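The block underneath contains the structure these notes are about, expressed in structure tokens.
Not measured: the values here are computed from a predicted model. Remember, it's 1-based here, ligands and their atoms both numbered in the order they're listed.
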Amino acid sequence: MASYDVIVIGSGPGGYVAAIRCAQLGLKTACVEGRETLGGTCLNVGCIPSKALLHASHMLHEAEHNFAAMGLKGKSPSVDWKQMLKYKSETIGQNTKGIEFLFKKNKIDWLKGWGSIPEAGKVKVGDETHEAKNIIVATGSEASSLPGIEIDEKTVVTSTGALELSKVPKKMVVIGAGVIGLELGSVYARLGSEVTVVEYLDHILPGMDGEVQKTFQRMLKKQGLNFIMGAAVQEVEALKTKTKVTYKLRKDDSEETVDADVVLVATGRKPFTDGLGLDALGVEMTDRGQVKTDAQWKTNVDGVYAIGDCVTGPMLAHKAEDEGMACAEVIAGKHGHVNYDVIPGVIYTHPEVAAVGKTEEMLKEEGRAYKVGKFSFMGNGRAKANFAGEGFVKILADKETDRILGAHIIGPMAGDLIHEICVAMEFGAAAEDLALTCHAHPTYSEAVREAALACGDGPIHS
Ligand code: FAD
Ligand code: NAI
């Protein structure tokens, strides 16, 4: 039996970051992980592999659609699926090994196996029980399916199976027009699958700004994705040679079907806390199965903390990381803090979509007086040169004070551009502060400045 200041259970972005920060703050730290490799959902079956496939398939799309116009002639590349999966696996390997290296560098013990908490102050891994003054639960989340639908990860898959298909399917049905459905749907559409997205709501990406939802859906349709909206999936039936998806249209209750070789169920994720023994320990949970914590990630049981996907808030890697760092600081007696009002969300399709802060719909509901500064990438020289003129930057600012309340970007490198607005919001900046900042030319970021100018006397290039 070993004795630690902190044992973190789970090595995803929440857990491994918490462990590293704890060690850096001088706490004797171990991290329990049941998977073969460190890094959690994000590195093994989430962010990293999906981005590798998005990158490879985007390269193909560029070659097919834009190379000839730039004077780059020749046959478009063909898809070697095995090699693409190898590239994806190697990318995962480099990243998970990187965490192993960081654990060694920071003298963090990796306790291999599935952990449980038999009592406060103790963590059991296999046959061994270790002592811990503090325990951080960072056990993440798992895909949630629909009742009655059997996932085999071959023809009816979650995102995990969709990252590992034996071949590129001719026809794919994606259930759910959320982030996973649209990212992985885009991958397969680019690789040549006929992709149909079946969504319960009348719009894609619940929670995003309405104007972005509409523009983005239009763009995805142009890229070849089909959408069946307002449709509640009832059944997924495996037939001999194909899989049949039955859905009910909400507008008139009529039932229809669509066939596929592969069905991707992307209807959300749920917290994963199985086997930890939280029930017996008396840890309070929310009615959505999340571990309940206070503002400092403390549960109701002394010395037990929780962070990341298994607690409330957006299920995002960077949110988990920020909580990991802040929780470690709280344990070390410092002032850990996460500003939940400034957590960006990014969808890594092409174009990318990024958002931070309030949407117009939220501001309307709050009855807040606001102004909109919007700028199209068509007015951005760099974007036009790179065939990336579609989309816009939209900044929402308080009508009286000009303080930035939210921003929504659809366009090239949106996931990187959003961060200058995040920093501005963190500093309580006005749109004018961005507008007065000199931006290098020619960069995509000029579109952000122009949107900020549009909150005041107007942009120059539109
Ligand atoms: P996880 O990453 O889920 O890690 C938890 C770890 O705990 C797992 O490795 C698990 O094996 C381990 N564990 C669980 N129970 C035990 C136990 N009892 N003992 C030992 N180990 C245990 N987010 C983004 O921000 N950007 C993206 O681009 C993005 N892309 C995604 C793509 C896909 C396909 C998916 C599925 C998710 C994506 N996400 C993305 C979400 C992101 O992966 C999660 O928000 C993030 O991984 C949460 O981190 P976490 O540390 O809370 O948990
Ligand atoms: P999601 O919550 O984003 O979307 C699920 C969609 O499925 C919703 O639009 C919902 O209306 C729809 N749906 C639910 N039941 C349905 C039914 N019966 N029939 C038809 N449609 C139905 O969930 P998703 O896409 O599975 O992603 C899970 C989590 O993973 C997200 O919370 C996200 O934060 C995270 N993630 C983040 C990424 C990123 O940051 N780029 C990438 C991938 C995942």
| Can you list the ligand 1 atoms lying under 4.0 Å from a non-hydrogen atom of Asp309? | 44 (C), 45 (O), 46 (C), 48 (C), 52 (O)
| note | In terms of heavy-atom contacts, Ser3 and Lys28 come closest through O-NZ, 3.1 Å
| field | Under 3.5 Å donor-acceptor, Glu321 side chain and Pro13 backbone | value | no
| note | Check: of Ile180, Leu182, Asp309, min heavy-atom distance to atom 44 (C) of ligand 2 comes from Ile180
| query | Does Val45 reach ligand 1 with a nitrogen or oxygen that is under 3.5 Å from one of the ligand's nitrogen or oxygen atoms? | reply | no
| Rounded to the nearest 0.5 Å, how far does CG of Leu220 lie from OG1 of Thr215? | 11.0 Å
| message | For the 3.5 Å polar cut-off, considering only N or O atoms, please tell me whether Val179 and ligand 2 meet it. | response | yes
| Going by heavy atoms, is Lys51 under 4.0 Å from ligand 1? | yes
| query | Are the side chain of Asn106 and the backbone of Ala23 linked by a donor-acceptor contact shorter than 3.5 Å? | reply | no
| field | Any donor-acceptor pair under 3.5 Å from Lys122 side chain to Ala132 backbone | value | no
| note | Of all protein heavy atoms, the one nearest atom 31 (C) of ligand 1 is Cys47 N, 3.4 Å
| Taking N or O atoms only and a 3.5 Å limit, does Ala317 qualify as a polar contact for ligand 1? | yes
| Going by atom types only, do Glu153 and Thr158 share a side-chain donor-acceptor pair under 3.5 Å? | yes
| request: Kindly confirm or rule out an N or O of Tyr348 lying under 3.5 angstrom from an N or O of ligand 2. | output: no
| said: Quick test: of every protein heavy atom, which one is nearest to atom 35 (C) of ligand 2, and how far off is it to 0.1 Å? | reply: Met315 O, 3.4 Å
| query | Is atom 31 (C) of ligand 2 in close reach of the protein, with a heavy atom under 4.0 Å away? | reply | no
| Polar contact flag for Ser159 and ligand 1 (N/O pairs, less than 3.5 Å) | no
| task | Decide whether an N or O pair under 3.5 Å exists between Met315 and ligand 1. | result | yes
| said: Would you say CE of Met325 has more than 12 non-hydrogen atoms from neighbouring residues, nucleotides or ligands within 6.0 angstrom? | reply: yes
| Between Tyr247 and Glu199, do the side chains contain an N or O donor and an N or O acceptor separated by less than 3.5 Å? | no
| remark: In ligand 2, the atoms that come under 4.0 Å of a heavy atom of Leu201 are 11 (O)
| request: Please confirm whether Ala266 comes under 4.0 Å of ligand 2, counting heavy atoms of the residue only. | output: yes
| remark: Numbered in order shown, the ligand 2 atoms found under 4.0 Å of a heavy atom of Pro206 are 8 (C), 9 (O)
| Per-residue contact class, Ala231 against ligand 2 - non-hydrogen pairs under 4.0 Å | backbone
| request: Tell me which one of Pro271, Gly14, Ser11 gets a heavy atom nearest to atom 51 (O) of ligand 1. | output: Gly14
| message | Determine whether Lys88 and Glu164 satisfy the following criterion, salt bridge (charged side-chain N to carboxylate O under 4.0 Å, His left out), listing intermediate values before the conclusion. | response | CA-CA 10 Å; Lys88 179 213 66 174; Glu164 225 18 273; 2.7 Å; yes
| Should the heavy atoms of other residues, nucleotides or ligands under 6.0 Å from NZ of Lys133 be counted, would the total exceed 12? | no
| request: Ignoring angles and geometry beyond distance, decide whether Arg269 reaches within less than 3.5 Å of ligand 2 through its nitrogen or oxygen atoms. | output: no
| request: Without swapping roles, check the side chain of Arg190 against the backbone of Leu54 for a donor-acceptor pair under 3.5 Å. | output: yes
| request: Please state whether Gly324 comes within less than 4.0 angstrom of ligand 1, counting heavy atoms only. | output: no
| task | State, without any angle test, whether Thr96 and Asn44 hold a side-chain donor-acceptor pair at a distance under 3.5 Å. | result | no
| request: Kindly confirm or rule out an N or O of Gly115 lying under 3.5 angstrom from an N or O of ligand 1. | output: yes
| request: Using distance alone, decide if ligand 1 has a nitrogen or oxygen within less than 3.5 Å of any nitrogen or oxygen in Tyr348. | output: no
| Could an N or O of ligand 1 be found under 3.5 Å from any N or O of Ile9, whether backbone or side chain? | no
| message | Are any of the N/O atoms on Arg269, whether in the backbone or the side chain, positioned under 3.5 angstrom from an N/O atom of ligand 1? | response | no
| query | So Phe272 and Trp114, would you call those rings parallel, tilted or perpendicular, with 30° and 60° as cut-offs? | reply | perpendicular
| field | Atom indices of ligand 2 within 4.0 angstrom of Val346 heavy atoms, with elements | value | 39 (C), 40 (O), 41 (N)
| field | Residue and atom name of the nearest protein heavy atom (relative to atom 4 (O) of ligand 2), distance in Å to one decimal | value | Gly178 CA, 3.3 Å
| remark: If we number the atoms of ligand 2 from 1 as shown, the ones under 4.0 Å from a heavy atom of Ile175 are 19 (N), 20 (C)
| Can you tell which part of Ser50 has a heavy atom less than 4.0 Å from ligand 1: side chain, backbone, both or neither? | side chain
| field | ligand 1 N/O within reach of Arg35 N/O, cut-off under 3.5 Å | value | yes
| field | Any donor-acceptor N or O pair under 3.5 Å, side chains Asp416, Tyr444 | value | no
| remark: Short version for Ile204: what comes under 4.0 Å of ligand 2, heavy atoms counted, is neither
| Which of the atoms in ligand 2, numbered in the order shown and given with their element, are less than 4.0 Å from a heavy-atom of Val198? | 20 (C), 21 (N)
| task | May I ask you to check whether Gly268 has an N/O atom sitting below 3.5 Å from an N/O atom of ligand 2? | result | yes
| request: Using atom types as modelled and distance alone, determine if a side-chain donor or acceptor of Glu235 lies under 3.5 Å from a backbone N or O of Glu237. | output: no
| note | atom 49 (O) of ligand 1 has as its nearest protein heavy atom Pro13 CD, 3.3 Å
| query | So, the side chain of Thr41 versus the backbone of Gly46: is there a donor-acceptor pair under 3.5 Å, distance only? | reply | no
